[in-house]
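The next block holds one structure in the form of structure tokens; read it before the comments.
Letters A, B, ... are given to chains in the order of the sequence lines, protein chains preceding strands, and every chain is numbered from 1.
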Protein chains: 2
Amino acid sequence: MDRSQVRMSLKSKGIAATKPRVLLLEILWGINAPISVQQLYQSNSEKFALSTLYRVVNDLATADIIETFTSPDQNIWIEIKAEDGHHHHLYCESCETVIDIEMDEEFEASISDLRDQLSKKYNITIVDHSFELYGKCSGNVHCACNLD
Amino acid sequence: MDRSQVRMSLKSKGIAATKPRVLLLEILWGINAPISVQQLYQSNSEKFALSTLYRVVNDLATADIIETFTSPDQNIWIEIKAEDGHHHHLYCESCETVIDIEMDEEFEASISDLRDQLSKKYNITIVDHSFELYGKCSGNVHCACNLD
DNA sequence: TTGACAATGAGACTCATTCTCATTTATACT
DNA sequence: AGTATAAATGAGAATGAGTCTCATTGTCAA
């Protein structure tokens, strides 16, 4: 996804391709992993005003281009929204990092069943769900803290 | 669960049965549903200092007597810890309320499988997980906003 | 009952997030 | 391309949830 593709995708969602929006998406495409707003600001404070960063995150989330979620330490994390629905997350308490996890088909299917079931039972429209795991690594190779 | 039982349960966990701790637990037993710290303070501001409330919530969570979680609007919710593990939650975006939901055995089992699987795959000790659903009620009878 | 120590209350403090508003930028239209 | 206009941004002030401090109070073991 290069800059012009990013601009197109913004326009196709009906929002202006401004500099901070394009830049944020380029960063997210570049790292291809969840990042916290704080972390993002710390490594890019000269590129955005902090208020702009929060606003842009909000704009892009509203436009369904990125998705956000909150880790147990109350940090807001963002990532590009996957076409095939959304990711689930593994939060490592040791390195305070979030890893995207893949679920197998079967598990996804049982979540889908459950949503239907609960929707009927409580007579509520279910709009989304989250499934998150909390773990502790021991500085092992798979943990996101070792990916840099 | 009456006051003396609450006091006993605090002592059995090795923490002092102070007035704010007992009071908080009495309130939680009384409502028997998740409540946000903010909400709790708003309806009991004359009974606790705000700093005490946060401290006591933290103490009781550390002692494994209550459990806490964060809703998408960043509120911290608390409830008595269930003996049979933990609850999952349905957050209603319309009334900004959390409802405890029951899962069937089968789904719980598949979550447990998944935890084992991921623990191996990522070589991480998984300490907890959360599964939450987000919905929109239409002021219907099952939604927690109608329970008062 | 008392002493040692832990917990509380009140308010100051911190810091993430939101708000304000003057300036700049993107886009639609000549 | 040049321009009008509405939207977006930057900088910093304001807000407010949550934490910290410390003098006072309460708990409980002896």
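- For A:Ser51 and D:dG10, the shortest distance from a side-chain N or O to OP1 or OP2 is not below 4.0 Å.
- The nearest whole Å value for the distance from the CG atom in A:Leu40 to the C1' atom in C:dT17 is 15 Å.
- Salt bridge annotation for A:Asp64-A:Lys13: absent, with no cationic side-chain nitrogen under 4.0 angstrom from a carboxylate oxygen.
- Across the interface with DNA chain D, nearest-nucleotide mapping of A:Leu50 and A:Val56 shows A:Val56 to be the residue nearer the 5′ end.
- At a threshold of 4.0 angstrom between heavy atoms, the contacts of B:Val37 with the nucleic acid are absent.
- Between B:Gln74 and B:Thr52, the one whose closest nucleotide on DNA chain C sits nearer the 5' end is B:Thr52.
- Look at B:Arg55 and you won't find any side-chain N or O under 4.0 angstrom from OP1 or OP2 of C:dA7.
- In this structure, the ring of B:Tyr134 has its center no less than 6.0 angstrom from the ring center of A:His129.
- Stem analysis of DNA chain D (at least three stacked-register Watson-Crick or G-U pairs, each with both distances under 3.5 Å) gives C:1-30 with D:1-30.
- Annotation: side chain of A:Phe69 is not in contact with side chain of A:Ile76 (no heavy-atom distance under 4.5 Å).
- At a threshold of 4.5 Å between non-hydrogen side-chain atoms, the residues A:His89 and A:Ile99 do not count as touching.
- With salt bridges taken as basic N to acidic carboxylate O contacts below 4.0 Å, one links B:Arg21 and B:Asp59.
- With A:Leu24 as the partner, the side chain to side chain contact (heavy atoms under 4.5 Å, CB included) test is satisfied by one option alone out of A:Ile65, A:Thr52, A:Leu53: A:Leu53.
- For D:dG18, one of the phosphate oxygens OP1 or OP2 lies less than 4.0 angstrom from a side-chain nitrogen or oxygen of B:Gln38.
- A:Gln42 has its CD atom 12 Å from the P atom of C:dC15, to the nearest Å.
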Would you tabulate the nitrogen or oxygen pairs shorter than 3.5 Å linking the protein to nucleotides 24-30 of chain D?
{"residue": "D:dC28", "atom": "OP1", "partner": "B:Ala17", "partner atom": "N", "Å": "3.1"}
{"residue": "D:dC28", "atom": "OP2", "partner": "B:Arg7", "partner atom": "NH2", "Å": "3.4"}

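- For B:Lys47 and C:dA10, the NZ to C1' distance is 19 Å, given to the nearest whole Å.
- Atom P of nucleotide D:dT19 and atom CG of B:Leu53 are separated by 11 Å, given to the nearest angstrom.
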Verdict with reasoning, B:Thr70 to B:Trp77, per side-chain hydrogen bond (donor to acceptor under 3.5 Å, both in side chains): CA-CA 6 Å; B:Thr70 305; B:Trp77 295 74; over 6 Å; no
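- A:Leu23 places its CG atom 13 Å from the P atom of C:dA26, with the value rounded to the nearest Å.
- Taking 4.5 Å as the limit, some side-chain heavy atom of B:Asp100 sits within range of a side-chain heavy atom of B:Pro34.
- The distance between atom CD1 of B:Ile76 and atom C1' of D:dG18, rounded to the nearest whole Å, is 8 Å.
- Between A:Tyr54 and C:dT18, a side-chain N or O to OP1/OP2 separation shorter than 4.0 Å is absent.
- As rounded to whole Å, 13 Å separates atom P of C:dA10 from atom CZ of B:Phe48.
- Checked against a 6.0 Å centroid threshold, the rings of B:Tyr54 and B:Tyr41 do not count as neighbours.
- In this structure, the CG atom of B:Asn58 is 18 Å from the P atom of D:dA17, given to the nearest Å.
- For the pair B:Glu96 (side chain) and B:Glu93 (backbone), a donor-acceptor distance under 3.5 Å is absent.
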